[in-house]
Amino acid sequence: MGQTKIKDIYFASSNSNKYLEIEPILRQYGIVSHFAKMSLQEIQSESVQQIAEAKCTNAFDYLQKPVIIEDDGFYLSSLKGFPGQYSSFVYKTLGNQGILKLMQNRADRKAYFLSVIAYGDGHTFKIFSGKTRGMISKLATDGGWGFDPIFVPENTIKTYGELSLLNRKSFYSHRHKSIEKFSKWYIKKRLRYRNR
Ligand code: IMP
């Protein structure tokens, strides 16, 4: 593994907002991370897991260092799960106002976010996921990025956007759940490696 310490890890993504949310959680677990800004090839697949696996392989091939990538999906109940794995494209084309328009006059405003984290180091490959259920708000609020202004997670009346402004998004976040699962596993793996 050359100069790379076992606890050093790369987070590969084109989206620095994700890294800003992930880094403090990794740090809490004593995991040193680095942001590798790059666009990763996205394969066409129905499965977020398969997309994450392909992205992770792509990132490892390039970096040759232990790496994690994240793939997310945003699923609206009344639209039968749309946009799901097409969330990124839909965000760029319709935006939050477009989603609010699609939801007009719909009684069922349930939605959820899914975060899939994939880890690869050339020997081990592993996937971790986190899901947060909630509702689509009536209006877009301030704060956050992506769909944050229109998503109200369960157990609060605030959107991810408003929670971000209060530094509280991580208490509810799908990303927090998946990264926490990864961190617990990674720490154990590191201990096993050290004890060899
Ligand atoms: P991807 O993983 O970059 O393909 O993410 C899919 C889409 O979901 C993107 O349009 C993101 O903007 C959006 N997204 C993912 N996570 C979040 C989040 O925590 N808040 C708001 N939007 C998100």
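Keep in mind it's a predicted model, so treat the numbers as computed, not measured. Counting starts at 1 for both ligands and their atoms, following the listed order.
Atom 16 (N) of ligand 1 has Arg175 NH2, 2.9 Å as its closest protein atom, hydrogens excluded (heavy atom only). Of the protein's heavy atoms, Trp145 CZ3, 3.9 Å lies nearest to atom 11 (C) of ligand 1. The protein heavy-atom contact nearest to atom 7 (C) of ligand 1 is Ser87 CB, 3.5 Å. The protein heavy-atom contact nearest to atom 5 (O) of ligand 1 is Asp72 CB, 3.7 Å. When only non-hydrogen protein atoms are considered, atom 20 (N) of ligand 1 lies nearest to Asp148 OD1, 2.5 Å. The protein heavy-atom contact nearest to atom 3 (O) of ligand 1 is Lys18 NZ, 3.1 Å.
Between Tyr160 and the options Phe171, Phe113, Tyr172, a ring pair (Phe, Tyr, Trp, His ring centres under 6.0 Å) holds for only Phe113.
Close contacts between ligand 1 and Gly146 involve ligand atoms 12 (O), 21 (C), 22 (N) [criterion: under 4.0 Å to a heavy atom]. Short contacts between ligand 1 and Lys169, defined as distances under 4.0 Å to a heavy atom of the residue, involve ligand atoms 18 (C), 19 (O), 20 (N). Every atom of ligand 1 with a heavy atom of Tyr91 under 4.0 Å away is listed here by number and element: 10 (O).
Ring planes of Phe128 and Trp185: tilted class, angle from 30 to 60°.
One side chain, Thr159 or Thr141, offers a donor N or O that lies under 3.5 Å from an acceptor on the other. For the residue pair Lys177 / Ser115, no side-chain donor-acceptor distance below 3.5 Å is found, with atom types taken as modelled.
With a 6.0 Å cutoff to the six-membered ring centre and a 45° limit on the axis angle, Lys126 does not count as a cation-pi contact of Tyr119.
Residue-ligand proximity: Lys92 is placed with every non-hydrogen atom at 4.0 Å or more from ligand 1.
Among residues at least two apart or in separate chains, there is no salt bridge (charged side-chain N to carboxylate O under 4.0 Å, His left out) pair with a member in residues 92-103.
When the heavy atoms of Gly73, Gly84, Ser14, Ser88 are ranked by distance to atom 9 (C) of ligand 1, first place goes to Ser88. Distances from atom 8 (O) of ligand 1 to the heavy atoms of Tyr86, Phe151, Phe147, Phe89 show the closest one on Phe147.
Interatomic distance, CD of Gln85 versus CG of Asp71, reported as 9.0 Å (0.5 Å rounding).
With salt bridges taken as basic N to acidic carboxylate O contacts below 4.0 Å, one links Arg175 and Asp72.
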